[in-house]
Every structure is written in C-alpha cells, then in structure tokens.
Number of protein chains: 2
Amino acid sequence: MDMPAEERLGLLVKRAEQRLMAAKHAAVKTAGLTVPQYAALLVLVDNPGISAAALARECLVTPQAMTVVLKNLLGHGLIERGPHQWHRTMLETHLTDAGREALRTADAAAVVIERRIAAAFTPDERDSLRDLLTRFTQAI
Amino acid sequence: MDMPAEERLGLLVKRAEQRLMAAKHAAVKTAGLTVPQYAALLVLVDNPGISAAALARECLVTPQAMTVVLKNLLGHGLIERGPHQWHRTMLETHLTDAGREALRTADAAAVVIERRIAAAFTPDERDSLRDLLTRFTQAI
DNA sequence: TTATATATATCAAAGCTTTGATATTGTGCC
DNA sequence: GGCACAATATCAAAGCTTTGATATATATAA
C-alpha cells in the first residue's frame with residue numbers, strides 16, 4: 001500500500017522460488033519423493049548416522065519438521081533408524097538401498113533443472129546473481 | 001551428487017526466500033497475521049468482492065489452499081463473505097474494518113523489510129537483480 | 001432444448017512447517 | 001557426588017499446501 005508491488009524485490013524472489021519448487025517437486029516426484037525428503041536424503045548420503053537434530057540444522061528446518069519427514073521416509077523404507085552406541089539420547093539414521101536408489105533417480109531429475117537454469121546465464125551473470133542473492137539474504 | 005551444491009543457483013534462491021519469509025513472518029505477526037493471510041488481504045483491499053477462486057489465482061495458490069486461509073481470516077473477523085447477486089455459485093469476500101486495520105499494520109512492517117533490502121543495492125544493481133530473477137523464473 | 005464445457009465451492013487425504021512444552025541423556029563446573 | 005546447562009527426541013496445536021474427487025451453477029454450442 002505504501003510501496004508499489006513492482007518495486008518489491010521480495011516478490012520477485014518469492015515468485016522465482018515458487019516456480020523452482022514447483023519444477024523440483026515434479027522432478028523428484030518421479031522417484032516418489034517430496035522436495036523436503038529429497039533434501040534430507042541429499043544430506044544423509046554424505047553424513048551416514050547423522051542425528052535428526054543435526055539433519056534439521058543442515059536442511060534449515062526445525063527438528064520437529066525433520067521428525068515428520070523422517071517418519072515418512074521410514075514408512076517408505078528409504079531410511080533406517082537405530083540407537084547410538086553411547087549417546088543413548090541419539091538415534092542414528094542411515095539410508096537403505098531403496099533410499100539410495102530413490103535419491104539417485106531424484107537427483108538426476110533435479111540436476112536437469114539446475115543445468116537448465118545455469119544455461120540461461122553467462123558465467124559472469126551467474127557470478128553476479130550469486131553475489132546479488134547473497135547480499136539480498138544478508139540484508140534481511 | 002552429480003553437481004556441486006555450490007553451483008546450484010536454486011539453493012541460493014531458496015535460502016534467500018527462506019530468510020525473506022522468516023523476516024516477513026515476524027513482521028506481519030505483529031498484526032496477528034500470517035504471510036499467506038497478509039498476501040490475501042493485500043489483494044483483497046484492491047479487489048473488493050473478489051471470489052475465492054480469483055483470489056487464489058492472484059496469490060498463485062490453489063483454491064483449496066485459499067479456502068483454508070479465508071476460513072482462518074473469517075474466524076478472526078478480518079473478512080466477511082456473502083452470496084453474489086446473480087452468480088449464485090460465487091461468494092463475495094470483503095474486508096472488515098478490523099481486516100483493514102490489520103493489513104495497515106502488517107504492511108507497514110513488511111515495507112520496512114522491503115526498504116531494507118532495496119537499500120542494500122544501487123539502482124543499477126536493483127535493475128540487474130530484477131532482470132536476472134525474471135530470466136531465472138522463465139528458464140524453469 | 002439439450003448437451004457440453006467452464007467456473008465456482010467444498011470435502012478428504014497426505015505432507016510440511018512453525019511455536020510451545022516436556023522428558024531423557026550427556027557435559028562441565030563446583 | 002551433585003547441580004546447572006546443553007542437546008536430543010517427541011507430543012500437541014495451528015496453519016499452509018498440494019492432488020484428487022464431487023456437486024452446483026453459468027455459459028456456449030448443437
């Protein structure tokens with residue numbers, strides 16, 4: 001009301017993210033995954049045995065949100081969870097073979113999108129966008 | 001796995017949007033609103049009597065999602081809904097005085113954030129970011 | 001007039017997210 | 001040893017979002 005919608009950079013970022021999420025959702029769906037599940041598996045494959053809390057920090061969500069995602073992944077047999085040796089308050093999470101396979105399929109589809117985006121810019125423009133977005137984030 | 005996370009421009013956009021949403025959420029919360037509620041009221045104030053379906057299109061969400069948002073706004077007395085004259089299949093939605101007041105408060109807080117973001121860039125950089133983000137969206 | 005297509009609203013199911021609250025366990029300090 | 005602190009997990013409530021299915025009403029075309 002006090003600022004024209006046209007000038008609000010936030011709206012542009014939101015629209016870009018919305019489109020990106022829609023495309024990624026469709027991409028990882030081919031592997032039977034949701035975007036948050038894909039993100040969790042992506043961290044998990046490089047951090048076997050990571051705790052739910054640590055996973056949540058990596059994915060920038062709350063532990064409660066991650067619990068829900070892990071519960072669904074567990075229900076689909078893509079991960080396994082078991083008690084930690086000495087830290088009895090921790091649960092170790094590991095990928096199953098099915099989980100690894102789903103991640104492989106999903107990532108292939110997701111990378112196609114990232115490559116399509118990258119191809120829309122020159123190397124200089126990519127650097128510029130990276131810089132502007134980083135400053136955008138820091139400005140908030 | 002096939003592409004370094006560093007190079008994925010999508011991740012940067014997602015992080016920027018995440019921070020933006022967190023900041024906006026905190027901002028509009030001072031008016032007792034959520035971000036989707038704020039977005040709906042922002043469209044509503046310029047389109048009195050708009051249908052839920054049209055509102056959903058403006059906000060880029062599904063009609064079902066908008067129904068939930070409107071139900072909560074209605075429950076808080078910020079909007080009113082009534083039947084349309086001849087289109088009996090439509091429900092007209094209008095802001096209440098309380099809704100207008102909440103929107104005014106929320107928008108003031110939201111504009112502060114947008115101004116802070118805008119201030120982090122020169123006019124040329126803003127144009128550049130606008131251009132790059134638009135092409136980003138179209139590339140998907 | 002009848003049939004088709006379109007637009008509206010709404011119910012239901014599944015999933016993600018947040019804040020808030022609680023219990024258990026491990027760590028460090030006294 | 002005992003106590004405060006931090007980290008983990010989990011329950012609960014509220015809200016947003018999607019896809020899919022269904023019912024009603026308007027508009028258009030045969």
Side-chain angles (χ1 to χ4, degrees), chain A residues 14 17-41 47 49-76 78-79 81-93, chain B residues 14-15 17-41 49-76 78-79 81-93:
Chain A
K14 191 175 175 57
E17 197 266 353
Q18 228 161 0
R19 276 288 191 86
L20 176 67
M21 279 304 102
K24 284 220 171 162
H25 185 272
V28 302
K29 193 180 181 181
T30 63
L33 296 178
T34 65
V35 174
Q37 287 170 357
Y38 164 64
L41 293 184
N47 301 272
I50 192 174
S51 73
L55 200 49
R57 283 191 295 271
E58 284 294 316
C59 295
L60 302 175
V61 298
T62 61
Q64 293 92 323
M66 186 53 66
T67 298
V68 175
V69 174
L70 291 180
K71 184 165 56 94
N72 289 320
L73 285 172
L74 198 56
H76 290 135
L78 303 183
I79 60 171
R81 307 189 72 189
H84 191 281
Q85 280 86 340
W86 43 85
H87 284 68
R88 280 202 304 175
T89 179
M90 267 179 65
L91 282 178
E92 281 187 339
T93 303
Chain B
K14 190 173 175 58
R15 283 188 73 106
E17 196 268 350
Q18 230 161 359
R19 277 287 191 86
L20 176 67
M21 280 304 101
K24 284 220 169 161
H25 186 271
V28 301
K29 193 180 181 181
T30 63
L33 295 178
T34 64
V35 174
Q37 287 171 357
Y38 163 65
L41 293 185
I50 192 174
S51 73
L55 199 48
R57 283 191 294 271
E58 285 294 316
C59 294
L60 301 175
V61 299
T62 61
Q64 292 93 324
M66 186 52 66
T67 297
V68 176
V69 174
L70 291 179
K71 183 166 55 93
N72 289 321
L73 285 172
L74 198 56
H76 290 136
L78 303 183
I79 60 171
R81 306 188 73 188
H84 190 281
Q85 280 86 340
W86 44 84
H87 284 68
R88 280 202 304 175
T89 178
M90 265 178 68
L91 283 180
E92 279 187 340
T93 303

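All heavy atoms count here, side chains included; hydrogens, waters and symmetry mates do not. Sequence lines set the chain letters: A, B, ... in the order given, protein chains first and strands last, and positions in each chain run from 1.
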Exercise. Taking only side-chain nitrogens and oxygens of B:Thr62, does any of them come within less than 4.0 Å of OP1 or OP2 of D:dT18?
Worked result: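 Answer yes for this pair, as a side-chain N or O of B:Thr62 is under 4.0 Å from OP1 or OP2.
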Whole angstrom is fine here: how far is it from [atom1] in [X] over to [atom2] in [N]?
| X | N | atom1 | atom2 | value |
| --- | --- | --- | --- | --- |
| A:Met66 | C:dT19 | CE | P | 15 Å |
| A:Glu17 | C:dC16 | CD | C1' | 13 Å |
| A:Met21 | C:dT17 | CE | P | 11 Å |
| A:Leu55 | C:dT17 | CG | C1' | 15 Å |

Between side-chain atoms of residues 50-68 of chain B and protein atoms elsewhere (two or more places apart, or another chain), which donor-acceptor pairs fall under 3.5 Å?
unit_1, atom_1, unit_2, atom_2, d
B:Ser51, OG, B:Ala54, N, 3.1
B:Thr62, OG1, B:Ala65, N, 3.2
B:Thr67, OG1, B:Pro63, O, 2.9

For this session: Name all residues meeting the side-chain contact (heavy atoms from CB on, under 4.5 Å) criterion together with B:Ile79; count only those two or more places apart in sequence or in a different chain, and write none if there are none.
Result: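 With neighbours one apart ignored, the set is B:Leu41, B:Leu44, B:Leu70, B:Leu73, B:Leu74, B:Arg81, B:Thr93, B:Leu95.
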Exercise. Using a heavy-atom distance cut-off of less than 4.0 Å, which residues of residues 22-33 of chain A contact DNA chain C?
Worked result: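 The answer is none.
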With a cut-off of 3.5 Å and sequence neighbours excluded, list every side-chain donor-acceptor pair involving residues 21-34 of chain A.
unit_1, atom_1, unit_2, atom_2, d
A:Lys24, NZ, A:Glu114, OE2, 3.2
A:Thr30, OG1, A:Ala27, O, 2.6
A:Thr34, OG1, A:Gln37, N, 3.2

For this session: Spell out protein contact along nucleotides 7-15 of chain D as letters: B when the base is contacted, S when just the sugar-phosphate is, - when no protein heavy atom is under 4.0 Å; keep the 5' to 3' order.
Result: -BSBBB--S
For this session: Could you tell me whether A:Val69 contacts a base, only the sugar-phosphate backbone, or nothing, with contacts defined as non-hydrogen atoms closer than 4.0 Å?
Result: sugar-phosphate
Problem set entry | salt bridge (charged side-chain N to carboxylate O under 4.0 Å, His left out) pairs, two or more places apart, involving residues 60-74 of chain A |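 Not a single pair qualifies under salt bridge (charged side-chain N to carboxylate O under 4.0 Å, His left out).
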